[in-house]
Protein chains: 2
Amino acid sequence: MAGLLTIDDPDDPRLHDYTGLTDVELRRRREPAEGLFIAEGEKVIRRAGEAGYTMRSMLLSAKWVDTMRDVIDTAPAPVYVVDPALAEQVTGYHVHRGALASMQRKPLPTAAGLLTAARRVVVMESVNDHTNIGAIFRSAAALGMDAVLLSPDCADPLYRRSVKVSMGAVFSVPYARLDVWPAGLREVREAGFGLLALTPDERAEPLDAVAPHRMDRVALMLGAEGSGLSRRALEASDTWVRIPMSHGVDSLNVGAAAAVAFYAVTAGRPPA
Amino acid sequence: MAGLLTIDDPDDPRLHDYTGLTDVELRRRREPAEGLFIAEGEKVIRRAGEAGYTMRSMLLSAKWVDTMRDVIDTAPAPVYVVDPALAEQVTGYHVHRGALASMQRKPLPTAAGLLTAARRVVVMESVNDHTNIGAIFRSAAALGMDAVLLSPDCADPLYRRSVKVSMGAVFSVPYARLDVWPAGLREVREAGFGLLALTPDERAEPLDAVAPHRMDRVALMLGAEGSGLSRRALEASDTWVRIPMSHGVDSLNVGAAAAVAFYAVTAGRPPA
């Protein structure tokens, strides 16, 4: 361990990683630029460590020291013990989960690297809501998707809210960004994947009729809540698939639709 | 139409249906007792009308009169036009969806009645979160479940938040309450349904191995987020089923799990 340090000055530069956590725009710029992300709460901090992320520092109130003792003892990082009021002053909110850790980002794998090993891939276009991206990662991990590819304008899976909603699943499923969109999909197809575009369009084929769980390699493309996949993305796909709707309902929410589609492409398949 | 009435006194007794809408405990008691529920926003108000619910009254600000003109002209109910500030004073919040309607509840069907016509039934135990129950109804409707049965302690599907999250799906899928729990499940079994209990328990059979879409009549039992089905409910079921988990994830959120299970029991089945 690098030691337990009590800090009582909110302007202490060692707290820099934790400043202004409620300012989403600021943090979206700063975190990737500074190579860090924030893990919040005992469970998520532990999962980040288990997934091989290096801790830069941890910030907690005194009453959490015992709970986090084993993490403190093994992490080669300074641990800042602060008063809850000071934590709130620095971060901008009441840290009711008690502990925050600043973790070092790892270089992302390339899409090509992921595509070699994977057989079931999620491709997200313009999913820029942190809650949705977190929920989709949780379902993708739980339901056995092997990897995630993101269009350039998707939200950051390592943003604090995404990590929390995913319950750490963003650490379990490897992901990469496609640099050009939708041209980058060509690389996916060339790696042997069938590109299935999920859409409510009635011209699409029912998901169960396509029987995607029997396909060797599937890339399932998802768009954002409301707007769905763009026309360009739909045109770049191989097959349009839809989840049949009943009772006059026009759509599922994106989280439910993603979960259903992941199940449909993985059900009955032995784990990779 | 019964007329457009401008009201400028927040204590006007005609506004009684709309008072204290943010007081969840108060509204939970009042609404069933007074035989009403609140539909919020243009889309949900229209869907409630289409589903055959009678309007008691509508409350809106002047700028929504044109949008709701056809509803106003056909509804046999008074329409109260109020200033947004007065609406906020009465309801307790800023009504940004512009229009609220107080609708008359209808008598619920009996479980026996629903079970005669249905082949795919959701049975919820202790789902007492309004957001979750709304989300589950939306998926149940979209994915072709025929009816919903609720344990006595489930939340009210007609509570404002449930209705809104369901996007009106609570009007499309008929539901009933079981008076005794879990003894009421006997009636479901006697109506010819296989009782499948959804659980993460590893002794449960994988959902796809059970092939519930091939069963004639399926009652799918779901518990609340976190706690899941009670031991008593599990014991009262016929078969435990689980959604296989990957990547070390222990569970899906209840909305995602419900959507996957509904898909699994309905996929490939022609609509009833």
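No hydrogens, no waters, no symmetry mates; every other heavy atom, side chains included, goes into these values. Proteins get letters first, then strands, A, B, ... in listed order; numbering begins at 1 in each. Just so it is clear, the structure is predicted and the values come from calculations on it, not from any experiment.
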Smallest separation among heavy atoms of B/A142 and A/S251, with atom names: CB-O, 4.5 Å
Atom NZ of residue position B/K106 - does it have more than 12 heavy atoms of other residues, nucleotides or ligands inside 6.0 Å? yes
Below 4.5 Å from any heavy atom of chain A, which atoms of B/L252 appear? Answer side chain, backbone, both or neither. both
For the residue pair A/S246 and B/M145, establish whether any side-chain heavy-atom pair is separated by less than 4.5 Å. no
So which of A/L207, A/I243, A/D250, A/V249 has the biggest tally of heavy-atom pairs under 4.5 Å with chain B? A/V249
As an exercise, state the distance from CE of B/M245 to CG of A/L143, rounded to the nearest 0.5 Å. 5.5 Å
With rounding to the nearest 0.5 Å, note down the distance linking NE2 in A/H247 to CG in B/D146. 5.5 Å
Measure the shortest side-chain to side-chain distance between B/V260 and A/F262 over non-hydrogen atoms and say whether it is less than 4.5 angstrom. no
